[in-house]
Amino acid sequence: MLMNNLLDNQMKRHAAEIFGNEPLTGHRERFASKLQGADGTKSIPFRKIISYLAVAAVFAGAVFLSIRLLKTETTEDSTPLTEVQDYYSMQLQEKVNEIKQLLPQVNEKDRAMLLQDIESMQREAGVNALLSDENKKALIVYTYSVKIESLEHIKNMLTTNY
(Lines give C-alpha, C1' and ligand atoms only; values in the text may rest on other atoms or scores of the structure.)
Protein backbone atom coordinates (compact mmCIF):
# COMPACT_ATOMS: atom_id res chain seq x y z
CA MET A 1 0.00 0.00 0.00
CA LEU A 2 2.82 2.36 0.90
CA MET A 3 4.56 1.59 -2.41
CA ASN A 4 1.38 2.38 -4.37
CA ASN A 5 0.99 5.74 -2.63
CA LEU A 6 4.63 6.57 -3.26
CA LEU A 7 4.26 5.68 -6.93
CA ASP A 8 1.05 7.71 -7.22
CA ASN A 9 2.73 10.73 -5.62
CA GLN A 10 5.73 10.47 -7.97
CA MET A 11 3.45 10.26 -10.99
CA LYS A 12 1.42 13.28 -9.86
CA ARG A 13 4.55 15.35 -9.27
CA HIS A 14 6.02 14.50 -12.65
CA ALA A 15 2.80 14.25 -14.65
CA ALA A 16 3.76 17.07 -16.99
CA GLU A 17 7.08 15.40 -17.79
CA ILE A 18 5.56 11.96 -18.23
CA PHE A 19 2.37 12.74 -20.12
CA GLY A 20 2.72 16.27 -21.38
CA ASN A 21 5.73 16.20 -23.68
CA GLU A 22 5.69 15.09 -27.27
CA PRO A 23 8.24 12.47 -28.32
CA LEU A 24 11.49 13.65 -29.85
CA THR A 25 11.52 14.59 -33.54
CA GLY A 26 11.58 11.51 -35.73
CA HIS A 27 10.50 9.13 -32.97
CA ARG A 28 7.28 8.09 -34.67
CA GLU A 29 9.04 7.52 -38.00
CA ARG A 30 11.74 5.37 -36.38
CA PHE A 31 9.10 3.39 -34.51
CA ALA A 32 7.09 2.81 -37.70
CA SER A 33 10.21 1.70 -39.58
CA LYS A 34 11.03 -0.81 -36.84
CA LEU A 35 7.54 -2.26 -37.16
CA GLN A 36 8.20 -2.88 -40.82
CA GLY A 37 11.01 -4.88 -42.35
CA ALA A 38 13.92 -3.35 -44.20
CA ASP A 39 12.09 -3.81 -47.51
CA GLY A 40 8.91 -2.12 -46.30
CA THR A 41 6.90 -5.26 -45.56
CA LYS A 42 5.75 -6.29 -42.15
CA SER A 43 7.28 -9.33 -40.52
CA ILE A 44 5.02 -12.11 -39.28
CA PRO A 45 5.69 -13.42 -35.80
CA PHE A 46 6.98 -16.75 -37.13
CA ARG A 47 7.69 -18.08 -33.67
CA LYS A 48 3.93 -18.16 -33.18
CA ILE A 49 3.36 -19.88 -36.52
CA ILE A 50 6.06 -22.44 -35.89
CA SER A 51 4.77 -23.07 -32.38
CA TYR A 52 1.24 -23.65 -33.71
CA LEU A 53 2.58 -26.07 -36.31
CA ALA A 54 4.63 -27.87 -33.66
CA VAL A 55 1.59 -28.19 -31.40
CA ALA A 56 -0.43 -29.53 -34.34
CA ALA A 57 2.27 -32.10 -35.09
CA VAL A 58 2.41 -33.19 -31.43
CA PHE A 59 -1.36 -33.62 -31.31
CA ALA A 60 -1.35 -35.59 -34.56
CA GLY A 61 1.40 -37.83 -33.19
CA ALA A 62 -0.45 -38.35 -29.91
CA VAL A 63 -3.63 -39.30 -31.73
CA PHE A 64 -1.71 -41.61 -34.03
CA LEU A 65 -0.10 -43.40 -31.08
CA SER A 66 -3.31 -43.65 -29.09
CA ILE A 67 -5.19 -45.07 -32.07
CA ARG A 68 -2.42 -47.52 -32.77
CA LEU A 69 -2.29 -48.68 -29.15
CA LEU A 70 -6.03 -48.99 -28.68
CA LYS A 71 -6.95 -50.66 -32.02
CA THR A 72 -10.66 -50.80 -31.43
CA GLU A 73 -12.97 -53.03 -33.44
CA THR A 74 -13.90 -51.74 -36.85
CA THR A 75 -17.40 -50.68 -37.70
CA GLU A 76 -18.46 -50.65 -41.31
CA ASP A 77 -18.55 -47.29 -43.01
CA SER A 78 -19.76 -46.80 -46.54
CA THR A 79 -17.15 -44.15 -47.40
CA PRO A 80 -14.04 -45.69 -48.97
CA LEU A 81 -10.71 -44.70 -47.44
CA THR A 82 -9.47 -43.09 -50.66
CA GLU A 83 -12.49 -40.79 -50.84
CA VAL A 84 -11.84 -39.53 -47.31
CA GLN A 85 -8.15 -39.01 -48.13
CA ASP A 86 -8.96 -37.23 -51.41
CA TYR A 87 -11.56 -34.95 -49.81
CA TYR A 88 -9.28 -33.73 -47.03
CA SER A 89 -6.31 -33.49 -49.36
CA MET A 90 -8.38 -31.19 -51.58
CA GLN A 91 -9.41 -29.07 -48.57
CA LEU A 92 -5.77 -28.78 -47.50
CA GLN A 93 -4.69 -27.75 -50.99
CA GLU A 94 -7.38 -25.04 -51.08
CA LYS A 95 -6.03 -23.55 -47.83
CA VAL A 96 -2.47 -23.71 -49.16
CA ASN A 97 -3.57 -21.87 -52.31
CA GLU A 98 -5.33 -19.19 -50.24
CA ILE A 99 -2.15 -18.62 -48.23
CA LYS A 100 0.02 -18.53 -51.35
CA GLN A 101 -2.15 -15.72 -52.70
CA LEU A 102 -1.30 -13.66 -49.59
CA LEU A 103 2.45 -14.36 -49.68
CA PRO A 104 3.48 -11.46 -51.97
CA GLN A 105 2.77 -9.16 -49.02
CA VAL A 106 5.32 -10.95 -46.83
CA ASN A 107 9.03 -10.17 -46.88
CA GLU A 108 11.27 -12.64 -48.70
CA LYS A 109 12.85 -14.32 -45.68
CA ASP A 110 9.53 -14.94 -43.95
CA ARG A 111 7.94 -16.06 -47.20
CA ALA A 112 10.64 -18.70 -47.72
CA MET A 113 10.24 -20.02 -44.16
CA LEU A 114 6.46 -20.16 -44.50
CA LEU A 115 6.64 -21.99 -47.83
CA GLN A 116 9.10 -24.48 -46.36
CA ASP A 117 6.75 -25.15 -43.42
CA ILE A 118 3.77 -25.61 -45.71
CA GLU A 119 5.68 -28.00 -47.97
CA SER A 120 6.83 -30.09 -45.00
CA MET A 121 3.25 -30.18 -43.73
CA GLN A 122 2.09 -31.50 -47.10
CA ARG A 123 4.87 -34.13 -47.21
CA GLU A 124 4.13 -35.62 -43.79
CA ALA A 125 3.76 -39.39 -43.71
CA GLY A 126 0.49 -41.05 -44.55
CA VAL A 127 -1.55 -43.56 -42.61
CA ASN A 128 0.03 -46.61 -41.00
CA ALA A 129 -0.91 -49.87 -42.73
CA LEU A 130 -1.32 -51.69 -39.39
CA LEU A 131 -4.46 -49.74 -38.48
CA SER A 132 -7.98 -50.82 -39.26
CA ASP A 133 -9.83 -48.89 -41.98
CA GLU A 134 -12.00 -47.14 -39.39
CA ASN A 135 -8.95 -46.04 -37.41
CA LYS A 136 -7.22 -44.95 -40.62
CA LYS A 137 -10.21 -42.78 -41.48
CA ALA A 138 -10.27 -41.28 -38.00
CA LEU A 139 -6.56 -40.54 -38.22
CA ILE A 140 -6.91 -39.01 -41.69
CA VAL A 141 -9.78 -36.79 -40.56
CA TYR A 142 -7.98 -35.66 -37.42
CA THR A 143 -4.61 -35.09 -39.09
CA TYR A 144 -6.04 -33.10 -41.96
CA SER A 145 -8.35 -31.15 -39.65
CA VAL A 146 -5.37 -30.06 -37.55
CA LYS A 147 -3.39 -29.10 -40.65
CA ILE A 148 -6.32 -27.19 -42.16
CA GLU A 149 -6.95 -25.41 -38.85
CA SER A 150 -3.27 -24.45 -38.64
CA LEU A 151 -3.33 -23.09 -42.19
CA GLU A 152 -6.52 -21.17 -41.44
CA HIS A 153 -4.81 -19.59 -38.43
CA ILE A 154 -1.81 -18.64 -40.58
CA LYS A 155 -4.15 -17.16 -43.20
CA ASN A 156 -5.92 -15.12 -40.52
CA MET A 157 -2.57 -13.84 -39.23
CA LEU A 158 -1.56 -12.83 -42.76
CA THR A 159 -4.83 -11.03 -43.44
CA THR A 160 -4.84 -9.16 -40.13
CA ASN A 161 -1.14 -8.19 -40.22
CA TYR A 162 -1.16 -6.97 -43.83
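Values in this document were obtained by computation on a predicted structure and should not be read as measured data.
Hydrophobic cluster membership is shared by V55 and Y142, with clusters built from Ile, Leu, Val, Met, Phe, Trp and Tyr side chains linked at under 4.5 angstrom. In this structure, Y52 is not a member of the same hydrophobic cluster as V58, with clusters built from ILVMFWY side-chain heavy atoms closer than 4.5 Å.
Residues passing the side-chain contact (heavy atoms from CB on, under 4.5 Å) test with S89, sequence neighbours excluded: Y144. With sequence neighbours left out, the side-chain hydrogen bond (donor to acceptor under 3.5 Å, both in side chains) criterion links K155 to E98.
The shortest distance between side-chain heavy atoms of Y88 and T143 does not fall below 4.5 Å. Side chains of L115 and K100 form a contact here, defined as non-hydrogen atoms less than 4.5 Å apart. Side-chain contact check for V146 versus E149: every heavy-atom pair is 4.5 Å or farther apart.
The line from CD1 of I154 to CE of M157 is 8.0 Å long, rounded to the nearest 0.5 Å. Note that the CD1 atom of I140 and the CD atom of Q85 stand 4.5 Å from one another [nearest 0.5 Å]. Here E108 contributes atom CD and L103 contributes atom CG; the two are 12.0 Å apart, rounded to the nearest 0.5 Å. To the nearest 0.5 angstrom, I99 atom CD1 is 10.5 Å from H153 atom NE2. D8 CG to R13 CZ: the interatomic distance, rounded to the nearest 0.5 Å, is 11.0 Å. Note that CG of N156 is 5.0 Å distant from CD of E152, once rounded to the nearest 0.5 Å.
When all heavy atoms are compared, the tightest approach of R111 to V106 is NH2-O, 2.6 Å. Of all non-hydrogen atoms in L53 and S150, the two that sit nearest each other are CD2-CB, 3.8 Å.
N97 and Q101 share no donor-acceptor pair across their side chains, judged by distance under 3.5 Å alone.
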